[in-house]
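This report refers to the structure that appears directly beneath it.
To find a chain, count down the sequence lines: A is the first, B the second, and so on, and within it residues start at 1. No hydrogens, no waters, no symmetry mates; every other heavy atom, side chains included, goes into these values.
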There are 2 protein chains.
Amino acid sequence: MQKEVTIYDIAKQLQLSPATVSRALNDHPAINSNTKTLITSKALEMGYRSNLFASNLRRQRTNTIGVIVPRLDSSFMSTVLAGMEKVVNESSYNLIISQSLESVKKEVTNAKTMFDSRVDGLLVSLASDTENLDHFNPFFKKGIPLILFDRVVQQKNCTNIIIDNLKAGYDATTHLIQQGCKRIMHVSGSLKRNVYADRLKGYKLALLEHGLPSGDELERVTNLTRQDGLDVAAYIKRMPNPPDGLFISSDFCAVSCIGALKQSGFSVPNDIAVVGFNNDPVSLVIDPNLTTIHYPGQEMGEIAAQSLINHLNGLLRLSATNTILLNYDLIIRESSQRPKLS
Amino acid sequence: MQKEVTIYDIAKQLQLSPATVSRALNDHPAINSNTKTLITSKALEMGYRSNLFASNLRRQRTNTIGVIVPRLDSSFMSTVLAGMEKVVNESSYNLIISQSLESVKKEVTNAKTMFDSRVDGLLVSLASDTENLDHFNPFFKKGIPLILFDRVVQQKNCTNIIIDNLKAGYDATTHLIQQGCKRIMHVSGSLKRNVYADRLKGYKLALLEHGLPSGDELERVTNLTRQDGLDVAAYIKRMPNPPDGLFISSDFCAVSCIGALKQSGFSVPNDIAVVGFNNDPVSLVIDPNLTTIHYPGQEMGEIAAQSLINHLNGLLRLSATNTILLNYDLIIRESSQRPKLS
DNA sequence: TTGTAGGCGTTATCAC
DNA sequence: GTGATAACGCCTACAA
């Protein structure tokens, strides 16, 4: 365990003061560029690495950003985190990542841990049963910025980064309508979450505009698990008047539902056309390949992290009602394409 | 932005010295238990939270553990990380998580970041193309412990936490043999990684023991992607003498392969019985449900984290050649079950 | 453009 | 069982 090199060691070697070394390493403008290069090369040579803890202690900030997501095991979240990581690495911040596993309780614990770790800011996507942001009050009180992404809640104090889920739901449903569907069912997740509530609204709006039937028996609120997909299929089988179109707010659930529907003798897309959401890799595994909504996780992560960092560096004021909308794509595959009725 | 409460504030209020407060909060044995409760309750009342950075600076350790995984978007990794998180939270350590996205290059960068963050220890699962551990040399030189899990490399200095992949490969293959398969093919991932190399060995061993044919045309080394699954199916279709059993080292790849095989007119399991690996949720989506090997991610994460923490706390010496083996299960589902030939 | 000096909040060492 | 004090390594007024 050799001793760490400090700015004092560099200063001594170069006959300079530690202050100058510190400034040079932080690229302070008032330092002669010659001494600057001298110092940085010496630092490299000596294997110096800056001590974040001393620095953090002194400047009263941690250079750490906390991330709380519902789960890590989705390809979407993985790309979001990759995006955040990219931005954060370039800015010499650190990331602390934790998962709530869709439980408020764990989310509260995570928030507390983040608070105790004194993160400079927080990037959060809410658990499915989170009712409010009370557990983030300590952050608000201290003026620690919080950015919500994907699963958000409208609230002053925090920026939201989302896609237009209402419009996406509308587009998905409209696509089914254009394929000739007359009776379209929607399978949603917890309506506490904007992503699901908004998609449902978009679905309803599309139905309304085209004068198609809607109503409780065509709307299922579930947890969007594999089992829920199976249950929905069973439900459809029991329906006296089953739907000919199905919009499910999650690919994974959609895929398990399609499997069960096929087993029950339904043909997809001919009897029932299906659209999912998220463009999960599993959408390419199922036969027929699943039509779905794709949206850019990497970009969402980058923007969330960048906005937070800009705010922390004083380059951007996150105003109270700031919402950033990203684009999405409807990816049309076999599961929804029906022969044109002419 | 109200001011932070420090041990000085507590000390002043209680007419004690900061030293005593510090000791009490750290549960030092030489402190009167009355003063101890007095101090802790006062600390709570004043909303004190300890400053990790001052503490870290002073004790010369960071209380942070770094984790590098190939990808976050697998249900297996997600449970591993949940396990680590659990242990780490209970021990008041912090976790810094990053993904290499299966690239050595990124893994090297990640390692550097971890080094600069002065993690106390490292938990790593290697990228698919990592050749050696040179990029971890700075850690070895400094005596920073490194634990490898799942995707490991035998090397002095680091503990490995794995399942017996050879035996698992053997068991998977033997299961196919017991189902009556006579010509079994194996689809593997990069043989640089123990997990794939060992499963291949187990597969070969099982074939050898039962006098079944093996050879290059029955062994495919791939990246285990969706496309690789399709390619394998196409390859099988072209084979003059196709296999009647298929052991694929990843569920996701297996599932895409099954899809393509079915499209080519093969029946699974009747023409070809299939076994995957990892018990990914997708194994329950495909029809027929996929037989696979399950192993405990949560436990692997917990053990990895706990071992590291015990080592850091001096409770356990990670000896040079320490390998911890976990159990696994063969989960038999429809994809491999053939009618008994009697 | 560079140097001086004090302090960020803890904890470890040494006293008493 | 408790207190005084000196670091840990860095940054930043302020001075030169």
Arg59(B) has its side chain closest, among dT10(C), dT2(C), dT11(C), to dT11(C)
Can you find a pair of side-chain heavy atoms, one from Val124(B) and one from Phe136(B), that are under 4.5 Å apart? yes
To the nearest Å, give me how far apart CE (Met46(A)) and P (dG9(D)) are. 13 Å
Presence of Thr35(A) side-chain N/O under 4.0 Å of dT2(C) phosphate oxygens OP1/OP2: yes
Using 0.5 Å steps for rounding, measure from the CG atom of Asp116(A) to the OG atom of Ser50(B). 8.0 Å
Specify the separation, in whole Å, of atom NZ of Lys12(A) and atom C1' of dG3(C). 16 Å
Do the side chains of Leu126(B) and Val153(B) get nearer than 4.5 Å, heavy atoms only? yes
Between Ile96(B) and Met114(B), which heavy-atom pair has the shortest distance, and what is it? O-CE, 3.4 Å
Heavy atoms under 4.0 Å, any strand shown: does Phe53(A) hit a base, just sugar-phosphate, or nothing? nothing
What nucleotide among dG1(D), dT1(C), dG3(D) has an atom nearest to a side-chain atom of Ala30(A)? dT1(C)
Has the side chain of Arg49(B) got a donor or acceptor atom sitting under 3.5 Å from an opposite partner on the base of dG9(C)? no
From the set dT2(D), dG9(C), dT1(C), return the single nucleotide nearest to any side-chain atom of Ala54(B). dG9(C)
Does Arg49(A) make a cation-pi contact with Phe115(B), if we ask for NZ or CZ under 6.0 Å from the ring centre and within 45° of the axis? yes
Does Asn51(B) place a side-chain N or O at less than 4.0 Å from the phosphate oxygens OP1/OP2 of dC8(C)? no
Distance, rounded to the nearest Å, where Gln15(B) contributes CD and dA4(D) contributes P: 12 Å
Nearest-nucleotide pick for Arg58(B), side chain only, options being dT1(C), dT12(D), dA6(D): dA6(D)
Closest nucleotide among dG3(D), dT2(C), dG1(D) to the Ile31(A) side chain: dT2(C)
Between dT10(C) atom P and Asp27(B) atom CG, what is the distance in whole Å? 17 Å
Heavy atoms under 4.0 Å, any strand shown: does Asn26(B) hit a base, just sugar-phosphate, or nothing? sugar-phosphate
Starting at CE of Met300(B), measure out to CE of Met77(B) and round the result to the nearest 0.5 Å. 8.5 Å
With respect to the side chain of Thr6(B), which nucleotide from dT2(C), dT10(C), dT2(D) is positioned closest? dT10(C)
From dG9(D), dC10(D), dA12(C), pick the nucleotide closest to the side chain of Ile7(A)? dC10(D)
Is any side-chain nitrogen or oxygen of Ser22(A) closer than 4.0 Å to OP1 or OP2 of dC10(D)? no
With a 4.0 Å cutoff (strictly under), does any side-chain N or O of Tyr48(B) reach OP1 or OP2 of dT10(C)? yes
For dA7(D) and Gln60(B) - does any side-chain N or O of the residue sit under 4.0 Å from the phosphate oxygens OP1/OP2? no
Atom pair distance, as rounded to whole Å: CG in Asn56(B) and C1' in dA12(C): 16 Å
Between Thr20(B) and dT2(D), is there a contact of a side-chain N or O with OP1 or OP2 at under 4.0 Å? no
Starting at atom CG of Leu52(B), determine the distance to atom P of dT11(C), rounded to an integer number of angstrom. 10 Å
For Asp9(A) and dC10(D), what is the distance between atoms CG and P respectively, to the nearest whole Å? 9 Å
Does a nitrogen or oxygen in the side chain of Ser17(B) sit under 4.0 Å from OP1 or OP2 of dT2(D)? no
Roughly how many Å is it from CG in Leu57(B) to P in dC8(C), rounded to a whole number? 13 Å
5' priority, DNA chain C, between Lys36(A) and Tyr8(A) [closest heavy atom]: Lys36(A)
